[in-house]
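These notes concern the structure reproduced below.
Hydrogens, waters and symmetry mates are skipped; everything else that's a heavy atom, side chains included, is used. Residue numbers begin at 1 in each chain, while the letters A, B, ... track the order of the sequences.
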Amino acid sequence: KNEVEQSPQNLTAQEGEFITINCSYSVGISALHWLQQHPGGGIVSLFMLSSGKKKHGRLIATINIQEKHSSLHITASHPRDSAVYICAVRSEVYGGSQGNLIFGKGTKLSVKP
Amino acid sequence: ETGVTQTPRHLVMGMTNKKSLKCEQHLGHNAMYWYKQSAKKPLELMFVYNFKEQTENNSVPSRFSPECPNSSHLFLHLHTLQPEDSALYLCASSQDRAETQYFGPGTRLLVL
């Protein structure tokens, strides 16, 4: 079982729809990241969060540390939002050192006009 | 030029070839990373350099050899690769190990 699970694996939406992508993890973490990967391969970091909620434009990310769960929401989706969305967690490492990022397999989103 | 750049963007090589991937960052970051992304699999960390020193080798076969001559440049030297090494190789950098990572566009490698 992967330490970071995302759902759904694939998602098709109509333009304008509200979209939710989920991420569950099984390890103790110091931070969680949401990343966006476009078909060409380049990856862009969207959010880094360790508690609560962050918003940037039409994107909202939330995290529940107790439940080890995070969601990425896209409001008023647009075809240009079509990409793979990747959840990654930074594991806790005791003794002051930083853990590495552990990645989910990604959610492929396709928004149709 | 800003951000993280990688060259070449595409590479086809035979199993007996030797080639190198180059990564360059103009962000003043201290940490640099090599990742491998294979189809249907999560990103896998290969190597981490912090202040030009290798701090992580994630059980990577010796046919992959990293080099970090200075804090702005990172290389991945490839020799006698196998077809299963075909993947997208991504470089990233961050101010320090705990901060947001900035990714390059990747090198798509095909080993014949």
Side-chain angles (χ1 to χ4, degrees), chain A residues 1-10 21 23-51 54 56 59 61 83-108, chain B residues 2-11 21 23 25 27 29-51 53-60 86-110:
Chain A
K1 187 181 188 301
N2 292 334
E3 292 167 300
V4 181
E5 295 279 357
Q6 289 185 235
S7 63
Q9 289 185 18
N10 293 282
I21 299 171
C23 175
S24 297
Y25 52 92
S26 57
V27 297
I29 70 167
S30 57
L32 181 142
H33 298 251
W34 281 103
L35 309 164
Q36 180 190 57
Q37 185 172 30
H38 280 283
I43 292 176
V44 175
S45 181
L46 300 174
F47 295 103
M48 180 173 71
L49 64 165
S50 54
S51 64
K54 285 191 175 180
H56 186 259
L59 301 178
V84 175
Y85 291 84
I86 301 170
C87 173
V89 300
R90 182 174 303 285
S91 58
E92 281 181 326
V93 176
Y94 298 100
S97 60
Q98 290 291 331
N100 292 316
L101 286 179
I102 306 169
F103 295 83
K105 290 185 177 181
T107 295
K108 186 174 181 179
Chain B
T2 60
V4 182
T5 59
Q6 289 187 244
T7 54
R9 295 292 308 277
H10 301 271
L11 180 61
L21 309 185
C23 175
Q25 57 98 0
L27 301 168
H29 290 167
N30 298 311
M32 296 186 77
Y33 312 79
W34 279 117
Y35 289 97
K36 176 184 179 183
Q37 188 178 37
S38 304
K40 310 293 185 187
K41 293 176 70 174
L43 274 151
E44 302 170 57
L45 178 68
M46 300 176 72
F47 301 103
V48 181
Y49 277 80
N50 202 25
F51 292 95
E53 297 295 321
Q54 188 181 126
T55 58
E56 192 98 21
N57 176 337
N58 207 24
S59 302
V60 180
S86 300
L88 180 68
Y89 288 85
L90 289 153
C91 173
S93 71
S94 61
Q95 184 58 47
D96 64 42
R97 289 291 309 278
E99 294 300 315
T100 297
Q101 292 181 22
Y102 293 78
F103 286 81
T107 295
R108 193 162 294 281
L109 173 68
L110 177 62

Spatial distance of atom OG1 (B:Thr100) from atom CG (A:Leu35) [nearest 0.5 Å]:
9.0 Å
Cut-off 4.5 Å, heavy atoms of chain B, and the answer for A:Ile86 is side chain
Non-hydrogen atoms of chain B under 4.5 Å away: do they reach the side chain of A:Gln6, the backbone, both or neither?
neither
B:Phe47 atom CZ, over 12 foreign heavy atoms within 6.0 Å:
yes
Is it true that, when you exclude A:Gln9 itself, more than 12 heavy atoms of the residues, nucleotides or ligands shown sit nearer than 6.0 Å to its CD?
no
Could you tell me which portion of [X] (side chain, backbone, both or neither) has an atom closer than 4.5 angstrom to a non-hydrogen atom of chain A?
{"X": "B:Glu56", "value": "side chain"}
{"X": "B:Tyr33", "value": "neither"}
{"X": "B:Leu88", "value": "side chain"}
{"X": "B:Gln37", "value": "side chain"}

Do you know which two heavy atoms are closest between A:Gly104 and B:Pro42, and how far apart they sit?
O-CB, 3.6 Å
Show your working on side chain to side chain contact (heavy atoms under 4.5 Å, CB included) between B:Gln101 and A:Ile43 and close with a plain yes or no.
CA-CA 10 Å; B:Gln101 292 181 22; A:Ile43 292 176; over 6 Å; no
For side chain to side chain contact (heavy atoms under 4.5 Å, CB included), just list the numbers for B:Tyr35 and A:Leu101, CA-CA rounded to whole Å, side-chain angles, deciding distance to a tenth of an Å, and then say yes or no.
CA-CA 11 Å; B:Tyr35 289 97; A:Leu101 286 179; 4.1 Å; yes
